[in-house]
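These notes concern the structure reproduced below.
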There are 2 protein chains.
Amino acid sequence: MLDQRIKFRHLTCFLEVARQRSVVKAADTLSITQPAVSKTIRELEEHLDARLFDRSKRGVTLTDFGKVFLRYAGASVTALRQGVDSISQVRMQGGLSINLGVLPTVAASVMPNAIRHFKTLSPDTTVKVVAGPNVMLMGQLRVGELDLVVGRLAEPDQMSGLSFIHLYSEHISLVARPGHPLMADKNPDITRIREFTVLVPPKQAIIHPTVDKMLIAHGIGALPDRIETVSTSFGRAFTRETDAIWIISNGAVASDIAEGHLVELPIDTSDTFGPVGLTTRIDSPVSPPVEMLINAVREEAARHHSSQAESKA
Amino acid sequence: MLDQRIKFRHLTCFLEVARQRSVVKAADTLSITQPAVSKTIRELEEHLDARLFDRSKRGVTLTDFGKVFLRYAGASVTALRQGVDSISQVRMQGGLSINLGVLPTVAASVMPNAIRHFKTLSPDTTVKVVAGPNVMLMGQLRVGELDLVVGRLAEPDQMSGLSFIHLYSEHISLVARPGHPLMADKNPDITRIREFTVLVPPKQAIIHPTVDKMLIAHGIGALPDRIETVSTSFGRAFTRETDAIWIISNGAVASDIAEGHLVELPIDTSDTFGPVGLTTRIDSPVSPPVEMLINAVREEAARHHSSQAESKA
DNA sequence: CTTATGCATAATTATATAGTTATGCAAATT
DNA sequence: AATTTGCATAACTATATAATTATGCATAAG
């Protein structure tokens, strides 16, 4: 069993000696005497019942046990440090905060419920929801301004240093208002969308290249009358009030389609199928609150997904 | 600063009281008296300079501070537990072990160097390298038989419960022996590959659907003379000795192409571009040794990638 | 061959610890 | 109103702790 007598004093001392490979130097930086360090290490070794260092006459080196233990000791100390820090953060700001980047696909579908659920579990954690061009969000994530970004998997070159957790996959849809002229036919000629204003994702959007490929694959090519927009609220309003066609990730309009506010054009978009999930930094392990949020999002995505499957059946 | 007087006794006691919402019950399961628990909690609160519980007359409840601290305390204790366990594992087996799944793309490119580098950092960790159909590897990863799988991103439906860390992206290549008849032309007609034996990835392979799509896109369709294989060593030998054409992820043959043992057919495979990376379980945080291996693979991939970029320039 | 380095050990000391039993006290239960 | 429940506090005690100084000892350096 875990020896309750182990104190963080032992671990920090151990970490320091391991780092410096020297009892004397460690004693110096810890501002205690050399024998105190020797004794602390010996105590830890006794508690663990394993030798952690090989003592030689020019410093100390980690044993196999020591090398293994080193990582875990570091993790343990880091966790406690974060815990102490979080307490003072709560004291200062009246609560922890999570900074969350949200892309349009999920902004209106899974996220509202996921965050609501998270807030029931952890009401005192402030969740700050940030929207914006994905390039910016990924940049903010990489420098630590965001803890988590939810949306489509970004292009490979933007993913360095980031980790992706898959939630579900979705395709891109072409939608229009109900009763749109193109839908008069049972099987409308898709190339006719050139006759209408088309709302397309702008260059910075994750789905931009995928949309381009799809259009080319259907022999549509450049669209003469196009509006580039990131705003789903604009897109939604504009599409419902005009004859425009909106090319947008399915998640952003799924509820509108389900409720009959928008209709999907019968075009094969299977090659636009792509993963939606959670992106985090790869270094700096996710803190417990962020982990809770991740779990909440995953649960909600699973629920969402299964209910979608039901509604299809 | 982190109060060095905090012992794991404090944390485990705190965790137990939080779990049971009761000082008396916690005292019982910890096999100490109730005042001892009260005192321990009070000590921890003094060390942290924050109240962790609200005391009422029917049990105790966590304060905001306590709720926040709970997660970190749990993480810290878990880490130390794992550390102690690892030491006994080392004692028993003479070393830690990591079970690693490797897909063909990286088996001959990044992984050898990555593992070599890792072994210099952690020579006493046994690395077990497993190859096989990706469906099997992902299954083993999910149940914990593997710690890590390196290769292409699997299909979305296989990724539930798994997390993906992107390393780089690569495309699929069509390769043949140098001096292959198709290469007599400068711009050979790609549909002529139907005249030759073609080695293709089998159904279970990750790249199978992508390859199918690509063939259809180039108007090739079903191949009359095909061999399905996962074995890169077979594929390599067979392709070099016959006029067969081998459809394989670029990474698996990159060095052969560079060294002139194989040549790449000039066919546009840009739509087969796909992410290569590390897949891990999403629950159960990666242990420090696995984390080290992940870092080694990432470094090696970065090096590999930059040297490839150089060789292109 | 001497000196310096680096760690271990011993002796010592004030303080902290980790429990214990006994008791108190307020709210909830009967 | 009496009792039970659940926690806090106090007083006490045997150990354990966390340092210290002084000293020893083997190796590496000069």
Calculate the interatomic distance between [X] atom [atom1] and [N] atom [atom2]; express it in whole Å.
{"X": "B:His10", "N": "C:dA16", "atom1": "NE2", "atom2": "P", "result": "13 Å"}
{"X": "B:Asp28", "N": "C:dG19", "atom1": "CG", "atom2": "P", "result": "15 Å"}
{"X": "A:Phe53", "N": "C:dG6", "atom1": "CZ", "atom2": "P", "result": "16 Å"}
{"X": "A:Phe8", "N": "C:dA16", "atom1": "CZ", "atom2": "C1'", "result": "18 Å"}
{"X": "A:Arg55", "N": "C:dA8", "atom1": "CZ", "atom2": "P", "result": "5 Å"}
{"X": "B:His47", "N": "D:dT17", "atom1": "NE2", "atom2": "P", "result": "14 Å"}
{"X": "A:Asp54", "N": "C:dG6", "atom1": "CG", "atom2": "P", "result": "18 Å"}
{"X": "A:Glu43", "N": "C:dT17", "atom1": "CD", "atom2": "P", "result": "14 Å"}

Please identify each residue that fulfils side chain to side chain donor-acceptor pair (under 3.5 Å) with B:Lys67, with sequence neighbours left out.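 Side chain to side chain donor-acceptor pair (under 3.5 Å) list for B:Lys67, sorted by chain: A:Asp124.
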The criterion is side chain to side chain contact (heavy atoms under 4.5 Å, CB included); which residues satisfy it with [X], sequence neighbours excluded?
{"X": "B:Val24", "value": "B:Ser22, B:Gln34"}
{"X": "B:Ala107", "value": "B:Val102"}
{"X": "A:Thr29", "value": "A:Glu16, A:Gln20"}
{"X": "A:Arg42", "value": "A:Lys39, A:Glu46"}

Please determine whether a side-chain nitrogen or oxygen atom of A:Arg42 lies at a distance below 4.0 Å from atom OP1 or OP2 of C:dA8.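 Result: no.
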Has B:Lys7 got a side-chain N or O lying under 4.0 Å from the OP1 or OP2 atom of C:dA16?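 No, no such contact exists.
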Can you list every ring pair (Phe, Tyr, Trp, His ring centres under 6.0 Å) pair that touches residues 55-84 of chain B, not counting sequence neighbours?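 Non-adjacent pairs meeting ring pair (Phe, Tyr, Trp, His ring centres under 6.0 Å): B:Phe14-B:Phe69.
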Quick test of your reading: applying ring pair (Phe, Tyr, Trp, His ring centres under 6.0 Å), list the pairs with at least one residue in residues 15-43 of chain A, sequence neighbours left out, ordered by first then second residue.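 Residue pairs with at least one partner in residues 15-43 of chain A: there are none.
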Residue [X], side-chain heavy atoms: nucleotide from [options] that is nearest:
{"X": "B:Arg9", "options": "D:dA19, C:dA18, C:dC7", "value": "C:dA18"}
{"X": "A:Val60", "options": "C:dC7, C:dT9, D:dA8", "value": "C:dC7"}
{"X": "A:Ser38", "options": "C:dC7, D:dT17, D:dC7", "value": "C:dC7"}

Compare every heavy atom of B:Val130 with every heavy atom of B:Gln140, then report the nearest pair and how far apart it is.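 Heavy-atom minimum between the residues: OE1-CG1, 4.2 Å.
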If every non-hydrogen atom of B:Ile87 is compared with every non-hydrogen atom of A:Ala50, which pair is closest and at what distance?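 Minimum heavy-atom separation between B:Ile87 and A:Ala50: CG2-CB, 3.8 Å.
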Once ring pair (Phe, Tyr, Trp, His ring centres under 6.0 Å) is applied, do any residues pair with A:His10, and if so which ones, sequence neighbours excluded?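 A:His10 satisfies ring pair (Phe, Tyr, Trp, His ring centres under 6.0 Å) with A:His47 once adjacent residues are dropped.
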Which part of the nucleic acid, if any, lies within contact of A:Val37, taking any heavy atom under 4.0 Å across all strands shown: a base, the sugar-phosphate backbone alone, or nothing?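 Nothing, no nucleic acid heavy atom in range.
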Just wondering, do B:Leu167 and B:Arg298 contact through their side chains at under 4.5 Å, heavy atoms?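 The answer is yes; the side chains approach within 4.5 Å.
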For every nucleotide of nucleotides 20-29 of chain C, 5' to 3': is a protein heavy atom under 4.0 Å from its base (B), only from its sugar-phosphate (S), or from neither (-)? BBB---BSS-
For A:Glu45, check salt bridge (Lys or Arg N to Asp or Glu O under 4.0 Å) against everything at least two apart and list the hits.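 Scan of A:Glu45 (salt bridge (Lys or Arg N to Asp or Glu O under 4.0 Å), adjacent residues dropped) gives A:Arg51, A:Arg55.
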So if I take residues 16-26 of chain B and measure heavy-atom distances to DNA chain D, which residues fall below 4.0 Å?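 Residues of residues 16-26 of chain B that come under 4.0 Å of DNA chain D are, in numerical order, B:Ser22, B:Val23, B:Val24.
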How far does the helix from C:dC1-D:dG30 to C:dT30-D:dA1 bend, going by the axes of its first and last five pairs, to the nearest 10°?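 End-to-end axis angle for the helix from C:dC1-D:dG30 to C:dT30-D:dA1: 30°, rounded to 10°.
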